[in-house]
Amino acid sequence: MSVPAEALTALGEILGDRLSRSKSDLDLHGQSETWFPAAPPDAVAYPRTTDEVAAIVRLCAAHGCPMVGWGVGTSLEGHALAVRGGICVDFSRMNRVLAVHPEDMDVVVQPGVTREDLNADLRATGLFFPVDPGANATLGGMASTRASGTTAVRYGTMRDNVLGLQVVLADGRVIRTGTRARKSAAGYDLTGLFVGAEGTLGLITELTLKLYGQPEAISAAVCAFDAIGPAVDTVIQTIQMGIPMARIEFVDAATAAAVNAYAGARFPEKPHLLVEFHGSPSGVAEQAEAFGEIVADNSGAGFEWSSRPEERTALWTMRHNAYYACLAARPGATALVTDLCVPISRLAEAVEETRADIAASYIPGPILGHVGDGNFHAILLVDPRNPVELAEAKRLSHRMVERALRLGGTVTGEHGIGMGKLGYMEAEHGEAWDVMGQIKRALDPQGLMNPGKLVRGD
Amino acid sequence: MSTIADIAGLLGPRLSTGASVRDQHGRNEAHYPPAPPDAVAFPETADEVAAIVRACAAHGTPLTAFGTGTSLEGQHLPVRGGISLDLSRMDRVLAINTEDLNAVVQPGVTRTRLNADLRGTGLFFPVDPGADASLGGMAATRASGTTAVRYGTMRENVLALQAVMADGSIIRTGSQARKSSAGYDLTHLLVGSEGTLGIITELTVRLHPLPEAVAAATCRFATVEDAVTCVIAVIQSAIPMARIELVDEMMVRGFNLHSGTDLPEKPHLFLEFHGSPTGVGEQAAAFREIAGEFGADGWQDATTTEARSALWAMRHNAHYATGALEPGKRTLATDVCVPISKLAEAVVQAQQDAAAMGLTSAIVGHVGDGNFHCGVRVNPDDAEEMARVMDFSGRLAETALRLGGTVTGEHGVGLGKRKYMAAEHGPALAWMRAVKAAFDPLGILNPGKMLPPEG
């Protein structure tokens with residue numbers, strides 16, 4: 001128990017029934033989406049305002065209680081697990097869109113707003129928020145893990161799309177970083193420091209995000225290749241030509257097979273590329289056709305494209321169903337989803353080696369990726385009750401991480417560090433990891449913000 | 001001082017205490033008084049930089065990095081003396097990775113040098129602040145310029161760094177991967193830190209494909225409001241502008257005086273479109289249609305390379321053209337950035353303030369970003385006029401903050417904008433100080449810059 005009774009009493013006075021110690025609530029907030037052991041907090045707080053968050057943080061700081069932010073719990077590396085106990089700060093009641101500025105193409109939101117809710121709110125404005133990690137995550141959580149997804153190749157990651165933040169720091173002080181100006185050269189980029197900090201430097205209580213004009217037209221295309229090499233070459237040449245892809249996704253033969261079984265489709269069981277273009281009607285047609293020529297140059301087959309919504313959806317069936325199709329490929333399995341990112345020139349090598357590793361193992365592991373960024377995932381399907389399988393999946397994941405570093409990449413493209421990648425920080429960053437530790441000590445000297453994560457342990 | 005002896009032992013003749021070299025490193029392009037260092041070091045490797053930093057740390061000697069000396073807020077001036085670290089000998093392009101669309105360069109490589117080296121690859125480095133600055137300096141000030149609306153600033157275009165920390169350790173931040181979620185973003189903490197947190201010794205920068213086709217055009221509007229409202233509509237409609245520059249009536253007068261043109265003295269937009277041949281035509285037509293709704297007039301296409309070069313030469317000569325408005329003085333450049341919806345208000349306010357204060361001021365702006373500069377003519381020896389210009393500059397900073405913007409869009413803080421840091425950042429300034437103290441506990445890295453004196 002890392003929270004003294006007097007702290008709980010004081011928190012209860014601030015929050016009333018919005019401080020929960022029910023077993024179901026604690027259990028819910030101690031789970032993660034993947035294989036990490038449960039680590040429930042001592043209590044869950046549901047603040048409604050920044051002032052309440054600041055009051056919670058001040059009380060926790062005074063009593064030496066750990067604090068962990070919580071969005072919707074969709075993070076994949078156990079970021080929100082209360083491994084040292086303490087207070088889980090659940091932002092689900094701070095879920096208002098505070099201001100939409102269509103002329104400036106930005107929006108101010110509370111951290112508990114999910115990306116789907118935001119886009120629903122924006123529907124009438126002609127604008128949208130592009131970052132799409134798949135899960136309907138909160139924007140506070142997405143900022144904290146520096147999330148990205150299928151659209152990063154065109155619109156960037158959370159790093160590129162957060163203009164400003166309000167943050168409650170470890171001593172309860174509230175700061176604002178950034179402005180609503182599109183750019184600034186005024187001082188250290190604190191916004192960029194909190195994005196991706198996984199709640200270890202402060203709790204994000206408000207975000208100003210960039211918005212984009214909804215494209216006038218969208219086209220989508222699909223094609224198959226005999227091997228990953230020509231598929232990656234196609235992507236590299238498309239990028240070098242300056243053809244602006246909005247999404248470019250790779251799925252391997254195993255994923256194609258899984259989708260065929262799951263959705264009754266009949267895709268050739270080969271590696272595929274799925275691509276989407278955003279622009280004017282003639283622009284997206286021109287881009288799709290130029291892409292088709294590059295596909296042909298690289299011996300791609302079955303190239304099809306369309307700008308009609310229902311046909312586009314059909315072309316993207318494989319990607320839309322991929323995750324659940326992969327899960328269904330082994331009923332009862334839990335997925336250990338890996339995440340690495342390499343320079344795109346090394347991507348074919350990274351995928352081929354990973355493919356061979358998985359083929360030599362007895363664990364199924366379809367591969368899919370945001371190939372325009374050099375980022376891919378293997379979905380390792382394990383029986384969660386079988387420790388031998390889990391160990392084998394971890395071995396495969398470990399080899400993927402080593403591969404990423406050997407090829408000049410990073411151990412996580414978009415999922416973050418959390419519990420799962422902490423052991424690789426030294427290998428990736430060397431002495432720079434110590435610098436991260438210096439920043440942590442400067443901003444959170446008591447080490448109470450999401451302790452046990454991101455920096456070197458005591 | 002023994003730091004100089006220590007460094008001379010390392011560098012031999014590449015440590016200079018000659019008066020002319022010191023004077024050259026103590027000058028600047030703006031109005032700041034000269035501040036020569038005690039010595040200038042010319043390292044050739046990151047290891048030499050690390051050794052110099054360790055020597056400075058051992059003796060508590062200030063160390064200020066120097067690229068090409070083109071910064072506009074005195075960032076490179078060694079105002080507390082000590083060592084000027086001139087990185088001009090670290091000017092090698094180490095790798096051009098065409099498949100990964102990046103280049104690895106030493107900090108002394110200038111942007112035009114890099115682009116010359118990229119010729120034949122079909123790729124280019126887009127960030128263009130006007131001056132032929134070094135890439136290390138551009139990263140350190142988070143520079144941008146006319147192309148930021150399409151290609152971003154240095155923040156978006158630096159993938160990875162090697163840097164020497166204040167204790168002499170050499171770190172690498174980021175990787176060759178296009179994105180990462182692995183820990184604190186040290187790369188972007190160092191970008192824009194003006195040499196106060198560490199010395200950049202290597203950069204990996206993003207490259208972009210050269211556009212297949214480029215088209216440029218100009219048009220004019222009755223008022224600044226019309227021009228800015230047009231820009232907002234264009235950006236909302238997702239036309240991917242490569243450059244979109246505003247010049248005000250006074251600036252047009254300056255161009256006419258300087259270049260012998262006879263453009264009507266109205267606010268103008270200078271435009272550039274990048275894309276496929278049909279794409280740029282379509283973009284220009286779509287722009288023109290929107291512009292028509294805001295009363296745009298005098299549309300001029302610049303489709304040939306020569307016409308385009310002439311157009312951008314005129315824009316890039318804005319500094320000299322401003323001089324033609326009131327010869328015999330110097331130009332002081334302001335640099336604020338506001339949300340684009342507030343841009344017309346900010347520009348008109350600046351025009352009114354300048355007129356009311358009896359100052360000659362011409363405005364150019366990267367209007368797609370909400371960033372604009374007033375070029376104000378001033379005689380630096382005229383204390384009264386200088387005070388008026390400073391008052392004007394202060395009002396402009398206040399206007400920017402009142403409108404939700406920033407006191408510097410791209411020039412940085414250096415010496416000149418320190419006084420606004422508390423107003424812009426509020427309580428966050430204390431945390432910038434905490435970061436500085438964690439990185440540089442002895443305060444040897446570019447002291448006197450960015451962070452205002454405490455209390």
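Lettering follows sequence order; numbering is per chain, from 1. When reading the values below, keep in mind they use all heavy atoms of this one structure, side chains included, and skip hydrogens, waters and symmetry mates.
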### Task
Might you work through the side chain to side chain donor-acceptor pair (under 3.5 Å) test for A:Thr179 and B:Glu424, ending with a clear yes or no?
CA-CA 9 Å; A:Thr179 68; B:Glu424 175 156 342; 5.2 Å; no
## Note on the structure
Note: A:Val167 and A:Leu165 closest approach over all heavy atoms is CG2-CB, 3.9 Å
### Query
Checking heavy atoms, do the side chain of B:Ala148, its backbone, both or neither come under 4.5 Å from chain A?
side chain
### Message
Please classify the contact of B:His188 with chain A as side chain, backbone, both or neither, using a heavy-atom distance under 4.5 Å.
### Response
both
### Partner of A:Leu347 under side chain to side chain contact (heavy atoms under 4.5 Å, CB included), chosen from A:Ile236, A:Leu407, A:Val342
A:Val342
### Query
By a 4.5 Å heavy-atom criterion (distance strictly below it), what part of A:His370 contacts chain B: side chain, backbone, both, or neither?
side chain
### Query
At a heavy-atom separation under 4.5 Å, does B:Gln236 approach chain A through its side chain, its backbone, both, or neither?
both
### Heavy-atom neighbours of A:Glu289 CD exceed 12 at 6.0 Å
yes
### Query
With only heavy atoms counted, which part of A:Ile344 is less than 4.5 Å from chain B, the side chain, the backbone, both or neither?
both
### Message
Under a 4.0 Å threshold between the charged nitrogen and the carboxylate oxygen, would B:Glu156 count as salt-bridged to B:Arg206?
### Response
no
### Message
Please determine whether a side-chain nitrogen of the Lys or Arg among A:Lys210 and A:Asp106 lies less than 4.0 Å from a carboxylate oxygen of the Asp or Glu.
### Response
no
### Message
Less than 4.5 Å to any heavy atom of chain A: does that hold for the side chain of B:Ala437, its backbone, both, or neither?
### Response
neither
### Query
Given a strict heavy-atom distance threshold of 4.5 Å, which part of A:Met158 is in contact with chain B: side chain, backbone, both, or neither?
neither
### Task
Please list, in residue-number order, every residue in residues 177-186 of chain B that has a heavy atom less than 4.5 Å from any heavy atom of chain A; write 'none' if there are none.
B:Ala177, B:Arg178, B:Lys179, B:Ser180, B:Ser181, B:Ala182, B:Gly183, B:Tyr184, B:Asp185, B:Leu186
### Query
Counting N and O atoms only, with roles assigned by atom type, does the side chain of B:Gln75 sit under 3.5 Å from a partner on the main chain of B:His411, one being a donor and the other an acceptor?
yes
### Message
Determine whether a donor-acceptor pair (N or O, by modelled atom type, separation under 3.5 Å) exists between the side chain of B:Thr147 and the backbone of B:Pro126.
### Response
yes
### Task
Quick one: which of A:Asn375, A:Thr157, A:Asp160, A:Val411 has the most heavy-atom pairs under 4.5 Å with chain B, could you say?
A:Asn375
### Task
Please test A:His79 against A:His415 for ring-ring contact (aromatic ring centres under 6.0 Å, His included), starting from the C-alpha separation and ending with a verdict.
CA-CA 10 Å; A:His79 300 78; A:His415 293 172; 8.8 Å; no
### Message
Which heavy atom of A:Arg176 sits nearest to which heavy atom of B:Ala428, and what is that distance?
### Response
O-CB, 3.5 Å
## Note on the structure
Minimal heavy-atom distance between B:Met432 and A:Tyr188, with the atoms involved, is O-CE1, 3.4 Å
### Summary
Pair count under 4.5 Å, heavy atoms only, with chain A: among B:Leu189, B:Val149, B:Thr187, B:Thr141, highest is B:Leu189
### Task
Search all heavy atoms of B:Met165 against all heavy atoms of B:Leu197 and return the closest pair with its distance.
CE-O, 4.1 Å
### Message
Looking at B:Arg155 and B:Glu410, is any side-chain nitrogen of the basic one under 4.0 Å from a carboxylate oxygen of the acidic one?
### Response
no
### Task
Select one option (side chain, backbone, both, neither) describing which atoms of B:His366 are under 4.5 Å from chain A's heavy atoms.
side chain
### Task
Indicate yes or no for a side-chain donor-acceptor contact from A:Asp104 to the backbone of B:Ile340 under 3.5 Å, with no hydrogens or angles considered.
yes
### Query
Looking at A:Pro215, A:Ala290, A:Pro102, which makes the most heavy-atom pairs under 4.5 Å with chain B?
A:Pro102
### Query
Between B:Glu282, B:Lys417, B:His425, which residue shows the highest count of heavy-atom pairs closer than 4.5 Å to chain A?
B:Glu282
### Query
At their closest point, which heavy atom of A:Pro244 faces which heavy atom of A:Phe277, and how far apart are they?
O-CD2, 3.9 Å
### Query
Using a cut-off of under 4.5 Å for heavy-atom pairs, which of B:Asp100, B:Thr406, B:Ile171, B:Thr173 has the most such pairs with chain A?
B:Asp100
### Query
With chain B, which of A:Val174, A:Thr200, A:Leu127 has the greatest number of heavy-atom pairs at distances under 4.5 Å?
A:Thr200
### Side chain / backbone / both / neither for B:Gln176 at chain A, heavy atoms under 4.5 Å
both
### Message
What part of A:Met425 gets within 4.5 angstrom of chain B, counting heavy atoms only: side chain, backbone, both, or neither?
### Response
side chain
### Message
Would the distance check show the side chain of B:Arg142 and the main-chain N or O of A:Gly187 forming a donor-acceptor pair, the cut-off being under 3.5 Å?
### Response
yes
#### Entry: Under 4.5 Å from any heavy atom of chain B - which part of A:Lys421
neither
### Message
Can you tell me which of A:Leu193, A:Leu169, A:Leu163 forms the most heavy-atom pairs within a distance under 4.5 Å of chain B?
### Response
A:Leu169
### Query
Tell me, side chain or backbone of B:Leu451 under 4.5 Å from chain A's heavy atoms, or both, or neither?
side chain
## Note on the structure
Interface check, chain B: of A:Val195, A:Leu201, A:Thr177, A:Leu340, most non-hydrogen pairs under 4.5 Å belong to A:Leu201
### Query
Just by distance, with hydrogens left out, do B:Thr278 and A:Glu286 show a side-chain donor and acceptor under 3.5 Å apart?
yes
### Top of B:Ser276, B:Gly152, B:Gly426 for chain A proximity - count of heavy-atom pairs under 4.5 angstrom
B:Ser276
### Query
In terms of heavy-atom proximity below 4.5 Å to chain A, should B:Glu194 be classed as side chain, backbone, both, or neither?
side chain
### Summary
Between A:Ala181 and B:Cys337, the two heavy atoms sitting closest are CB-O, 3.5 Å
### Message
As an exercise: rank A:Gly372, A:Gly242, A:Gly164, A:Pro343 by heavy-atom pairs under 4.5 Å with chain B and give me the winner.
### Response
A:Pro343
### Query
Looking at B:Glu212, B:Lys436, B:His208, which has the largest count of heavy-atom pairs under 4.5 Å with chain A?
B:Lys436
### Message
Please classify the contact between B:Ala238 and chain A as side chain, backbone, both or neither, with a heavy-atom cut-off of under 4.5 Å.
### Response
side chain
### Message
Please rank B:Pro339, B:Pro209, B:Ser175, B:Ala163 by heavy-atom pairs under 4.5 Å with chain A and give me the top one.
### Response
B:Pro339
### Task
Could you label the plane-to-plane angle of the A:Tyr212 and A:Tyr155 rings as parallel, tilted or perpendicular, counting under 30° as parallel and over 60° as perpendicular?
perpendicular
### Summary
Honestly, the part of B:Val338 sitting under 4.5 Å from a heavy atom of chain A is backbone
